[in-house]
2 protein chains.
Amino acid sequence: MQQFLSNIQIKVNDYLFLKDPSSSELGKRIISGSVELMHEIGFEAFTFKKLAKEINSTEASIYRYFENKNKVLLYLTIWFWGWTESKLVFAITNVEDKELKLKKAITIITEDVLEDRRFKDMNERKLQKVVYDESAKAYINKLVDDENKNGVFANYKSVIQRVSDIILEINPDYPYPKMLVSTIIEGTHLQRFFVDHLPGLTSPKTNSDSDVVQEFFIDLAFKTIKT
Amino acid sequence: MQQFLSNIQIKVNDYLFLKDPSSSELGKRIISGSVELMHEIGFEAFTFKKLAKEINSTEASIYRYFENKNKVLLYLTIWFWGWTESKLVFAITNVEDKELKLKKAITIITEDVLEDRRFKDMNERKLQKVVYDESAKAYINKLVDDENKNGVFANYKSVIQRVSDIILEINPDYPYPKMLVSTIIEGTHLQRFFVDHLPGLTSPKTNSDSDVVQEFFIDLAFKTIKT
DNA sequence: CATTATTGATAGCTTTACTATTATATTTGC
DNA sequence: GCAAATATAATAGTAAAGCTATCAATAATG
């Protein structure tokens, strides 16, 4: 499995780039450098000029790959969803028990990745942090309709569809499966941000071993879908 | 009540402005103009230069009230939470039945305001849209810790605390009340955005009369807190 | 009525976001 | 092996955004 996973490549909608960053050495440096730099200084302060310096290239060269920094963040976000889907598929394949399957699925979409490093050009831990903290900025804007029309969010929709399907297996009458799944996913991002920065808006950590955010959403999901 | 409400003023933490916009004619124009302009063109495209033109003032004058556009958005967001809290307090005062009280509370925090206009300098409907679509950009950034230290989020925390308290009245053993409330609040924003722009990530509208987002969260809340 | 505070008008500076041009290095087809 | 195509680097430059400074005009206040 580990072996197989190390051979797969995450595909990202080509609307998001001018030249495929996975197709060249420089492109890969742009991606891994973007993750590093956004993780370090945040999306607002991130510029192509700073990135160019970081990866020993030039601003103009980066512009041949991406139109602007927004598309880079969206690229990373969509890559993240492709990666999440791949983890999800392997986690639930051949699991017969419906409830166990749902539990595994929610664990995947809410987990806090510590180290993964299956992809040598992608620091998944830092990527997850970037996606958690910044991804809403990538799609909550006036361009989202155009991006959506071009199929940009297909990876994200796949993840939601898959988990949604498991919910419907358990309770075919539950009326809001997708709403529940997207609430769990986006809620996880936000709660993790709150735990770190605005603890007054969230619940305190229980014991140090457990992941309170994950517990909360698993509990919420099972109670919500029960008839 | 309506009479009383028209006499109250929403207080916003003074860390957010250099000069209190509610203290002058120009200040009020900056606020109402910001709501109009952000609603129209979105936060990214919003600039103090454009705002100055809109309200017949100058860029430099606006800079005497606010350090930057981020603080304006945060000001609007915090005002929105103060306003929400005032609505919440009146909705639940003297309501004895715990479950009814919770239902009213969740209705307030998830409602889609059509017209309100109790505050002549604030278009609440447009403000709500701006807060729904853009507010995450105001606080999800590297400055949040500093802002939080200065008590900026007190209005927001109050709202969460109040609803949280009602949940604990119904079920004192529910372990994650604040997490649930902040998930409902932020989830509402996001689901409304999804319904409009990314319907594939959410559930379809049921019948045109009902508010599916509100229904979903009320259903979710009651099921989740039940023992 | 003198002083103080507020706003407007204008200028300017730095950074960001992006494009264009040319030179150099690398790859690829033949 | 060499010409042609392609990719990248180096550099320059433009427009807008973001922000500060100065000073004059006006309004408020004591």
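Just so we're on the same page: letters track the sequence lines, and every chain starts at 1.
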Between CG of B:N70 and C1' of D:dC19 the distance, given in whole Å, is 14 Å
Quick one: the dot-bracket string of DNA chain C, using Watson-Crick and G-U wobble pairs with both distances under 3.5 Å, [ ] for crossing pairs and | for bases paired to another strand. ||||||||||||||||||||||||||||||
With a 4.0 Å heavy-atom cut-off, tell me which residues in residues 41-57 of chain A come close to DNA chain D, sorted by residue number. A:N56, A:S57
Output a table of nitrogen or oxygen pairs between the protein and nucleotides 24-28 of chain C separated by less than 3.5 Å.
none

In chain order, what residues pass the ring pair (Phe, Tyr, Trp, His ring centres under 6.0 Å) check against B:F43, with sequence neighbours excluded? none
side-chain contact (heavy atoms from CB on, under 4.5 Å) with A:A105: which residues, sequence neighbours excluded? A:L88, A:I92, A:V163, A:I166
What integer distance in Å separates A:I30:CD1 from D:dA9:C1'? 13 Å
Do A:T202 and B:K178 have side-chain heavy atoms sitting under 4.5 Å apart? no
Distance, rounded to the nearest Å, where A:L18 contributes CG and C:dC18 contributes C1': 12 Å
Please identify each residue that fulfils side-chain contact (heavy atoms from CB on, under 4.5 Å) with B:S61, with sequence neighbours left out. B:L26, B:S57, B:T58, B:R64
Going by salt bridge (charged side-chain N to carboxylate O under 4.0 Å, His left out), name the residues that satisfy it together with B:E54, two or more places apart in sequence or in a different chain. none
note: A:E59, atom CD; C:dA20, atom C1'; distance rounded to Å ~ 13 Å
In this structure, how many angstroms lie between the C1' atom of D:dT20 and the CD atom of B:E67, rounded? 13 Å
Between A:K137 and A:E44, is the closest basic N to carboxylate O distance under 4.0 Å? yes
Scan nucleotides 3-6 of chain C against the protein and return all N/O pairs shorter than 3.5 Å with their distances rounded to 0.1 Å.
unit_1, atom_1, unit_2, atom_2, d
C:dT6, OP1, B:K19, NZ, 3.3

Can you find a heavy atom in the side chain of B:D146 that is under 4.5 Å from one in the side chain of B:Y15? yes
Does the side chain of A:S61 get closer than 4.0 angstrom to OP1 or OP2 of D:dA9 through an N or O atom? yes
Applying side-chain contact (heavy atoms from CB on, under 4.5 Å), can you list everything that pairs with B:L190, at least two apart in sequence or on another chain? A:I140, A:E186, B:F194
Can you confirm if the aromatic rings of B:F17 and B:Y65 lie within a centre distance of less than 6.0 Å? no
Find the distance A:Y63:OH to C:dA20:C1' and express it as a whole number of Å. 14 Å
Counterpart residues, side chain to side chain donor-acceptor pair (under 3.5 Å), relative to A:Y63 (two or more places apart): none
I'd like to know if B:K129 pairs up with B:D133 as an ion pair, taking the criterion as any Lys NZ or Arg NE/NH1/NH2 lying under 4.0 Å from an Asp or Glu carboxylate oxygen. yes
Taken in chain and number order and not counting sequence neighbours, the residues that satisfy ring pair (Phe, Tyr, Trp, His ring centres under 6.0 Å) with B:H39 are none
Whole Å only: how far is the CD1 atom of A:I62 from the P atom of D:dA9? 9 Å
Listed partners of B:F217 passing ring pair (Phe, Tyr, Trp, His ring centres under 6.0 Å), at least two apart: none
